[in-house]
Amino acid sequence: MQIRYFAWLRERVGTPVEEVETSATTVAALIEELRKRDERYAYAFEDMSAVRVAIDQELSEMDAPLSGAREVAFFPPMTGG
Amino acid sequence: MQIRYFAWLRERVGTPVEEVETSATTVAALIEELRKRDERYAYAFEDMSAVRVAIDQELSEMDAPLSGAREVAFFPPMTGG
Amino acid sequence: MSVSVQQGDFDVAAEMAALRAGRTDIGAIVSFTGLVRDSAHGEEISDMELEHYPGMTEKALQDIEAKANARWPLQATRIVHRFGRLSPGEQIVLVLTASPHRHAAFEAAEFLMDFLKSRAPFWKKEGTGDGGRWVDARDSDEDALSRWE
Amino acid sequence: MSVSVQQGDFDVAAEMAALRAGRTDIGAIVSFTGLVRDSAHGEEISDMELEHYPGMTEKALQDIEAKANARWPLQATRIVHRFGRLSPGEQIVLVLTASPHRHAAFEAAEFLMDFLKSRAPFWKKEGTGDGGRWVDARDSDEDALSRWE
């Protein structure tokens, strides 16, 4: 599964994109896995109220299932316009 | 006193502007004078809900005093923009 | 703040460029352009004659513009209104508002248009097959105005 | 309906001309142009870096545009959003709406901007003396969005 990071999440994790092998079935479970892997992730996901997720480029919820997902993206609240 | 007419009031009265001698003290009294003068005016002022007045280029009410007025204008509700 | 009442056309790009020229503090510019439509009430319109009240028109537009500037934090405003005979597709009116924030720019532009519709001394006559018809003021335009009171 | 996500600048006049080209049924065109401001929270801004999510951005913009067209009687809409490094005074975003009636054009343009602010995958980093700061999403932008629900 490909994971993308944007804005300060990208800066904290240290990469814009990475390939991850996971058996997590939800977004929340995936985040738990990442947090345990390295403190960069713990830092990036320390305030979940400021984290948004998209599954295959669709905004999603943290408890959304990951089955069949090819791309998961994490980013702060959007500030377009 | 100069009187101006715009849009269909101008068409009904038949002139865009005229000089009128009057002793009327309010707009309403002036209209009564004009109505008696000629049926063109009676026609122009037949539906007063569709007539607006400006005294010296300021929107006014029909019972407004005419003292000191140099220019009175009659026109339908405005349709700008 | 600037208003023009003119027979000739206007150039939205040039007007917008003039508004922005030499400054970097503007966050939002809203423009409204009104155009002559080719039909009304299902009837074809050949042209539109815009009559106005020279002298009073300029004052009314300046007054409306001052009201908008008193009410919202605007950095610049511009009103251009044409008169005379116009063809379908031609530009009638331009309103521009500039502000640090988008809501002020949007609201002020709507406010200006709502006032222009029923408080600026213009009258429209639509050219139709039977010689033309004066456009009636609409209740909805008065209603639009009342929300700013 | 048309959206562009691009690094280069856009030309409001050309975009507006394209919207109007060859038609005489449009009554109202509203444009919104967002610009980079030279300061924020009393601090000077040297530049702005706009990051986005290629692929998702285009889909989000098309989705927003379709929602606006489903909700108001629009004759044309256009969204252009830039990304990359921009200087104060430069254009960031353009929204255009065309309708027979002014209220639909105004409302749709505000709706599009409200959605772009907090539902289009862009992130802004302001260049400040201490190396730059990611712009925080504002509660007022979420509030603005909630009025369309």
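If you're wondering where the values come from, they're calculated on a predicted model, not measured in any experiment. Chain letters run A, B, ... following the sequence lines, proteins first, then strands; residues in each count from 1.
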Checklist entry - Relative to chain D, which of C/Pro100, C/Ala144, C/Gly34 shows the most heavy atom pairs under 4.5 Å? => result C/Pro100
Checklist entry - With only heavy atoms counted, which part of D/Ala14 is less than 4.5 Å from chain C, the side chain, the backbone, both or neither? => result neither
Checklist entry - Is there a side-chain contact between C/Val12 and D/Val12 (heavy atoms, below 4.5 Å)? => result no
Item to check | Selection residues 10-35 of chain C - residue pairs positive for ring pair (Phe, Tyr, Trp, His ring centres under 6.0 Å), sequence neighbours left out | outcome: C/Phe32-D/Phe106
Next on the checklist: Please classify the contact of C/Ala105 with chain D as side chain, backbone, both or neither, using a heavy-atom distance under 4.5 Å.
Outcome noted: neither
Item to check | Which atoms of D/Val36 approach chain C - backbone, side chain, both or neither, heavy atom under 4.5 Å | outcome: backbone
Inter-chain donor/acceptor N,O pairs below 3.5 Å: chain D to chain C:
residue  : atom : partner  : partner atom : Å
D/Arg20  : NH1  : C/Gln91  : OE1          : 3.1
D/Arg20  : NH2  : C/Gly89  : O            : 2.8
D/Thr24  : O    : C/Asp38  : N            : 2.8
D/Thr24  : OG1  : C/Asp38  : OD2          : 2.7
D/Gly27  : O    : C/Leu35  : N            : 2.9
D/Ile29  : N    : C/Thr33  : O            : 2.9
D/Ile29  : O    : C/Thr33  : N            : 2.8
D/Ser31  : N    : C/Ser31  : O            : 2.9
D/Ser31  : O    : C/Ser31  : N            : 2.9
D/Ser31  : OG   : C/Ser31  : OG           : 2.5
D/Thr33  : N    : C/Ile29  : O            : 2.8
D/Thr33  : O    : C/Ile29  : N            : 2.9
D/Leu35  : N    : C/Gly27  : O            : 3.0
D/Asp38  : N    : C/Thr24  : O            : 2.8
D/Asp38  : OD2  : C/Thr24  : OG1          : 2.7
D/Gly89  : O    : C/Arg20  : NH2          : 2.8
D/Gln91  : OE1  : C/Arg20  : NH1          : 3.2
D/Arg102 : NE   : C/Asp114 : OD1          : 3.3
D/Arg102 : NH1  : C/Asp141 : OD1          : 2.9
D/Arg102 : NH2  : C/Asp114 : OD1          : 2.8
D/Arg102 : NH2  : C/Asp141 : OD1          : 3.2
D/Asp114 : OD1  : C/Arg102 : NE           : 3.3
D/Asp114 : OD1  : C/Arg102 : NH2          : 2.8
D/Asp141 : OD1  : C/Arg102 : NH1          : 3.0
D/Asp141 : OD1  : C/Arg102 : NH2          : 3.2

Item to check | Between D/Ala17, D/Gly27, D/Gly22, D/Ala13, the one whose heavy-atom pairs under 4.5 Å with chain C are most numerous | outcome: D/Gly27
